[in-house]
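One structure coming up, written as structure tokens, with questions to follow.
Treat the numbers as computed from the prediction; the structure is a model and nothing was measured.
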Amino acid sequence: ELHDFFKPVSTSIQNCVRGIPCLPSDPILMNEKPISDTLGLIMSCEQQSFSPMEGVIQWLQPSQLLLVQDDFIRDHISQDLLSAILHLHYMNSGLMGAVNQSLQQQLRINDIGVDHLISIAQDVVAAYLKHHTNQSPHVDSLDKAESGNVDEIVIRWIANWFACIEIIMHSNNDLNTTTLSKLKKLKIIPLSNGSIVSAESNSIFFPPSQDDTDFEGFQVIYKELNVVNTAVFKESDDASRTKAILKKIGVNELCISDVIRHHILPQFYSINCTKKIKGCASPILVIY
């Protein structure tokens, strides 16, 4: 009865705390000239490193903060992007041990999740594609030399984004079909031909390893395949995690059996097999 008597008081205190800026963010490096565009933020994060002592701590409402337990995510999904796209900040890492799960739930502080990363990735890819289709003739905050490195930096960011997704899904033991479906629909996979596609709309294959000779005599077929850009694995800071999540969303190994199952057989159902491949004298059926 005593507990029930004081429960409204506890609830009132919680509601009050939720509405005031009472928790610190991670330090943010304040640029003299604010960077407004997504690609500019990614480039800036690549070029800058700073000590937490140089940053500015902001005091925010609990709902404006996200908890992140893994330093890899904190390092590769920058607070600048988090703030610019989602209007959220990382809670100060010094408080990680002080906020237990019960208090976190009461204050409505969320863990960073797959949905947060998907929203960020959508914005990054949209900005990248806009840059490439010349709808934006320049990238704000970048000079011409920096702009030339956009492809490399964005692919590196995507590669590490995949690793962050794998960390979150593994830590949450999340193999939910809804989560995987969202990832499959996301246009986020860079191919060797320079395009970016979704796993759902294409049969996609991992690039060949240096020792892989299966397709040496089948270059016509190999050129037809959607192959992940090799830079995705060369640039990733955790290539094994990057590959693990790509496997989960349906990227196939580059082996004869998978190519037959996921490329050649679907071609038989979807096209006229007497049709010829551009630049090749033999019809598709003969080549297959």
Side-chain angles (χ1 to χ4, degrees), residues 38-39 42-43 46 76 118 121-122 124-135 139 147-166 180 183-267 270-271 275-280 282 284 287-288:
T38 302
L39 294 186
I42 292 177
M43 297 288 286
E46 281 276 334
H76 290 89
I118 287 176
Q122 287 172 327
V124 169
V125 172
Y128 176 69
L129 295 177
K130 185 177 180 181
H131 171 64
H132 265 278
T133 54
N134 294 323
Q135 292 176 19
V139 179
S147 184
N149 295 325
V150 168
D151 289 355
E152 177 186 340
I153 288 175
V154 170
I155 288 177
R156 183 184 304 130
W157 185 89
I158 289 173
N160 289 316
W161 178 90
F162 277 122
C164 291
I165 290 284
E166 172 62 16
L180 291 175
L183 293 170
K184 288 177 182 179
K185 291 177 181 177
L186 187 63
K187 197 173 183 179
I188 189 68
I189 303 176
L191 298 184
S192 57
N193 63 12
S195 62
I196 293 184
V197 300
S198 68
E200 184 180 68
S201 60
N202 298 267
S203 292
I204 303 173
F205 298 85
F206 289 110
S209 65
Q210 291 182 344
D211 301 327
D212 194 345
T213 59
D214 280 356
F215 285 87
E216 284 184 355
F218 301 95
Q219 287 302 306
V220 174
I221 295 177
Y222 179 76
K223 288 177 182 178
E224 281 193 312
L225 302 178
N226 294 311
V227 178
V228 179
N229 193 319
T230 55
V232 169
F233 304 101
K234 290 178 181 176
E235 297 291 341
S236 175
D237 292 329
D238 194 333
S240 61
R241 279 180 166 144
T242 297
K243 184 169 184 177
I245 189 61
L246 284 169
K247 273 188 174 182
K248 288 177 183 175
I249 62 175
V251 176
N252 306 293
E253 294 291 349
L254 187 64
C255 60
I256 296 295
S257 58
D258 275 3
V259 170
I260 291 172
R261 185 180 304 112
H262 298 290
H263 179 71
I264 294 178
L265 291 180
Q267 291 279 59
S270 64
I271 64 174
K275 172 184 166 184
K276 292 184 178 180
I277 298 174
K278 185 178 180 180
C280 184
S282 302
I284 291 176
I287 294 169
Y288 288 166

Applying ring pair (Phe, Tyr, Trp, His ring centres under 6.0 Å) to F162 and not counting sequence neighbours gives none

For S195, which residues count as a side chain to side chain donor-acceptor pair (under 3.5 Å) partner, sequence neighbours excluded?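 With sequence neighbours excluded, S195 shows a side chain to side chain donor-acceptor pair (under 3.5 Å) to N193, given in chain and number order.
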
Does S203 have any side chain to side chain donor-acceptor pair (under 3.5 Å) partners at least two apart in sequence or in another chain, and if so, which?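 For S203, no residue satisfies side chain to side chain donor-acceptor pair (under 3.5 Å) once neighbours in sequence are set aside.
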
Results of side-chain contact (heavy atoms from CB on, under 4.5 Å) for S201 - residues two or more places apart only: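 Per chain and number, S201 pairs via side-chain contact (heavy atoms from CB on, under 4.5 Å) with S198.
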
Counting only pairs under 3.5 Å, give me each side-chain donor-acceptor contact of residues 250-260, with atom names and distances, residues two or more places apart or in other chains.
{"residue": "N252", "atom": "OD1", "partner": "H262", "partner atom": "NE2", "Å": "3.2"}
{"residue": "N252", "atom": "ND2", "partner": "I204", "partner atom": "O", "Å": "3.1"}
{"residue": "E253", "atom": "OE2", "partner": "K247", "partner atom": "NZ", "Å": "3.3"}
{"residue": "D258", "atom": "OD1", "partner": "R261", "partner atom": "NH1", "Å": "2.8"}
{"residue": "D258", "atom": "OD2", "partner": "E253", "partner atom": "N", "Å": "3.3"}

What distance separates E235 CD from E152 CD, expressed to the nearest 0.5 Å? 5.0 Å

Residues in side-chain contact (heavy atoms from CB on, under 4.5 Å) with A121, at least two apart?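 A121 satisfies side-chain contact (heavy atoms from CB on, under 4.5 Å) with W157, W161, L186, I188 once adjacent residues are dropped.
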
Please answer whether the main-chain N or O of G194 pairs with a side-chain N or O of N229 as donor and acceptor at a distance below 3.5 Å. no

I would like to know whether V228 and I189 meet side chain to side chain contact (heavy atoms under 4.5 Å, CB included); could you show each step before the answer? CA-CA 7 Å; V228 179; I189 303 176; 4.0 Å; yes

Go through the steps to decide whether L191 and I196 satisfy the test side chain to side chain contact (heavy atoms under 4.5 Å, CB included), and finish with yes or no. CA-CA 6 Å; L191 298 184; I196 293 184; over 6 Å; no

Is there any salt bridge (Lys or Arg N to Asp or Glu O under 4.0 Å) pair reaching into residues 185-203, and which pairs are they, with sequence neighbours excluded?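 Pairs touching residues 185-203 that pass the test: none.
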
Please report the shortest heavy-atom distance between V197 and N202, naming the atom on each side. CB-ND2, 3.5 Å

How close do A159 and T242 get, counting heavy atoms only, and between which atoms?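 Taking A159 first and T242 second, the nearest heavy atoms are O-OG1, 2.9 Å.
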
Under the ring pair (Phe, Tyr, Trp, His ring centres under 6.0 Å) rule, what pairs show up with a residue in residues 223-257, not counting sequence neighbours? F206-F233

Heavy-atom side-chain contact between P190 and I158 under 4.5 Å: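 Yes, their side chains come closer than 4.5 Å.
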
With sequence neighbours left out, the residues meeting side-chain contact (heavy atoms from CB on, under 4.5 Å) with E166 are H170, R241, A244, I245, K248

Heavy atoms of A199 and I249 approach each other most closely as CB-O, 3.3 Å

